[in-house]
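Down below is the structure, laid out as C-alpha cells.
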2 protein chains.
Amino acid sequence: MILKNQNEWALHCCVVLAGLPPERYLSTKALAEFHAVPKEYLSKALQSLSQAGIIEGTLGPSGGYRLARKASDITFLDVVEAVEGKSSTFACTEIRKNNPCRPAKYRDPKPCGVARVMWEADEAWRKRLRATKVSDIANALADEVPGDILEKTTAWVTAHT
Amino acid sequence: MILKNQNEWALHCCVVLAGLPPERYLSTKALAEFHAVPKEYLSKALQSLSQAGIIEGTLGPSGGYRLARKASDITFLDVVEAVEGKSSTFACTEIRKNNPCRPAKYRDPKPCGVARVMWEADEAWRKRLRATKVSDIANALADEVPGDILEKTTAWVTAHT
DNA sequence: TTGTTTAAGGACATTAAATATCCTCAAGCA
DNA sequence: TGCTTGAGGATATTTAATGTCCTTAAACAA
Ligand code: SF4
Ligand code: SF4
C-alpha cells in the first residue's frame with residue numbers, strides 16, 4: 001500500500017498557491033513546470049481539489065488556480081481526501097461470513113474486531129492529517145528555506161501569475 | 001490507496017491459530033477452506049508471516065502452522081508489516097528539488113514539512129496497530145460470537161488439526 | 001522403502017489500479 | 001478573431017495486486 005504521487009503534488013501545489021498575491025491565479029502549466037511533473041496528469045489532481053472546493057479555477061490567459069479559502073482553513077486531510085478518497089484504507093471483505101460452521105442466516109451484531117481495529121488505525125492516520133494546515137507548512141518555509149531562494153521563488157511564481 | 005487483502009487474511013489466520021490446542025498445527029489448506037480464500041495465494045501471506053517469525057510451519061501430514069510466540073506478544077502491526085512491508089505509506093519523491101529557482105548544488109538541511117507530516121500520520125497509524133494484540137481479538141470473540149457457533153468452530157479447527 | 005502430505009519458494013498469468021497522454025469543449029481575454 | 005485557460009471524457013502505458021502452477025525437500029505413515 002502506497003499513497004499516490006498525486007498527494008505529494010497536490011499538497012505542494014496548495015503550499016505554493018498559499019504564497020500567491022491576493023486575487024491572482026497560477027496556471028496548471030506553471031505549477032507543473034515548477035514541480036517538474038507532467039502537466040496533464042497534475043491537472044487531474046487539481047481538478048479533484050477544485051471539485052472538493054479547496055481551490056478554484058478561472059479561465060483565459062492570466063487564469064489558473066487559487067485557494068478557495070484561507071490556507072489556515074485547509075487541512076492536509078482535506079487535500080489527501082480530495083485526491084485519495086474518503087473511504088477507509090482497510091477494506092473488509094467479510095471473510096468471517098465464510099466460516100463453514102456459521103448458519104447461513106446468521107447476522108453479525110457488529111463489525112468484527114479485526115475490522116474495527118483497522119478502521120481505528122485509519123482514523124488515527126486521518127486525525128493526524130487533520131491536525132496540520134496548509135498554512136503551517138507555508139509559514140515553516142520562511143524558517144527552513146534560505147532567504148535568497150525563497151525570494152527568487154516568490155519572484156518566479158509572481159512572474160507566472 | 002488500499003491495503004492488500006492479505007492483511008485481512010493474515011490477521012484472521014493469526015486469530016484462528018491463537019485458538020489452537022497447544023503443540024498442534026493447522027494447514028494452509030484448512031485455513032484457506034475456513035476463510036474461503038485461494039489456498040495458493042493465502043500461502044504467500046503465511047510465508048511472509050513465517051519469515052517474519054510470527055508463525056512457524058512444519059511439514060508432513062498433521063503439519064501446518066502455529067503461532068511462533070504467545071498471541072499476546074503479536075501485535076496487529078507485526079502482522080501488517082509482515083504482509084505490507086515496513087516502509088512508510090508516503091513516498092517522498094523530493095519534488096522540491098525541481099524548483100527552478102534552487103541552485104543545483106543546494107542541499108536541504110532536513111526533510112520538507114510536507115513529508116514530515118505525512119510520515120507522522122503514517123506513524124500514528126502504526127502506533128494504533130501496535131496497540132492491539134492478536135490475543136485481544138481472540139478474547140473478544142468469546143463475547144461477540146454466540147456460544148454454539150464458537151463451539152462448532154473450535155471443533156472444526158481441532159478436527160483439521 | 002515407498003507413497004502421501006506438507007511448507008517453501010520460483011515462475012508465471014491475470015486483473016485492477018496508478019500513471020500518463022490526447023482530444024474536445026466552453027469560458028475568459030486581448 | 002484567435003489564443004489562452006480549466007473541465008472533463010477517452011484511451012494508452014506502466015506497475016502493483018491477485019491468482020495459479022510447478023518443483024523441491026522435509027515429515028510421516030504404511
Ligand atoms: S472478521 Fe472482521 S475483518 Fe475479517 S472479514 Fe469479518 S468483518 Fe472483515
Ligand atoms: S517538499 Fe517534502 S514531500 Fe514534497 S518533494 Fe520535497 S521532501 Fe518530498
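Here is the naming used below: chain letters follow the sequence lines, and residue numbers restart at 1 for every chain.
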Among the candidates [options], find the nucleotide nearest to the side-chain atoms of [X].
X: B:Glu40; options: D:dC21, C:dA18, C:dA7; value: D:dC21
X: A:Pro61; options: C:dT19, C:dC29, D:dA27; value: C:dC29
X: B:Pro38; options: D:dA25, D:dG19, D:dT18; value: D:dG19
X: B:Leu59; options: D:dT18, C:dA7, C:dA20; value: C:dA7
X: B:Tyr41; options: D:dT18, C:dC23, C:dA27; value: D:dT18
X: A:Ser27; options: C:dT19, D:dG6, D:dA27; value: D:dG6

Heavy-atom closest contact (B:Glu144 atom, A:Pro111 atom, distance):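 Looking at all heavy atoms of both residues, the shortest contact is OE1-O, 4.5 Å.
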[N] [atom2] sits how many Å from [X] [atom1], rounded?
X: B:Trp9; N: D:dA17; atom1: CH2; atom2: C1'; answer: 10 Å
X: A:Leu26; N: D:dT4; atom1: CG; atom2: P; answer: 17 Å
X: B:Leu3; N: C:dA16; atom1: CG; atom2: C1'; answer: 16 Å
X: B:Ile55; N: C:dA7; atom1: CD1; atom2: C1'; answer: 10 Å
X: A:Ile2; N: D:dT14; atom1: CD1; atom2: P; answer: 21 Å
X: B:Leu42; N: C:dG9; atom1: CG; atom2: C1'; answer: 15 Å
X: A:Arg24; N: D:dT5; atom1: CZ; atom2: P; answer: 15 Å
X: B:Glu84; N: D:dA16; atom1: CD; atom2: P; answer: 13 Å

When you measure from the side-chain N and O atoms of [X] to the phosphate of [N], is any distance below 4.0 Å, counting only OP1 and OP2?
X: B:Thr28; N: C:dA7; answer: yes
X: A:Gln51; N: D:dG8; answer: yes
X: A:Asn5; N: C:dA18; answer: no

Any chance you could measure B:Arg126, atom CZ, to B:Thr75, atom OG1, to the nearest 0.5 Å?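 These two atoms lie 11.0 Å from each other.
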Earlier contact from the 5' end, DNA chain C, for A:Gly60 and A:Gln6: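 Its nearest nucleotide being more 5', the pick is A:Gln6.
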Between B:Met1 and A:Thr58, which residue's closest nucleotide on DNA chain C lies nearer the 5′ terminus?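 First, find each residue's nearest nucleotide; the 5'-ward one identifies B:Met1.
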Go through the steps to decide whether A:Glu123 and A:Arg130 satisfy the test salt bridge (charged side-chain N to carboxylate O under 4.0 Å, His left out), and finish with yes or no. CA-CA 10 Å; A:Glu123 178 51 34; A:Arg130 214 169 357 235; 2.5 Å; yes
Categorize B:Ser43 for me: base, sugar-phosphate, or nothing, with a 4.0 angstrom heavy-atom threshold over every strand shown.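 The answer is nothing, as B:Ser43 stays clear of every strand by at least 4.0 Å.
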Give the intermediate values and the outcome of salt bridge (charged side-chain N to carboxylate O under 4.0 Å, His left out) for residues A:Lys133 and A:Asp78. CA-CA 9 Å; A:Lys133 309 175 190 73; A:Asp78 291 332; over 6 Å; no
So, under a plain 3.5 Å distance rule, would you say the side chain of A:Gln47 forms a donor-acceptor pair with the base of D:dG8?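 Present.
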Going by modelled atom types, is there a donor-acceptor pair between the base of C:dG10 and the side chain of B:Lys44 at under 3.5 Å? yes
Side chains of A:Asn99 and B:Thr153: donor-acceptor distance under 3.5 Å anywhere? yes
Decide whether B:Leu150 and A:Tyr106 are clustered together by the hydrophobic rule: side chain heavy atoms of Ile, Leu, Val, Met, Phe, Trp, Tyr closer than 4.5 Å, transitively. yes
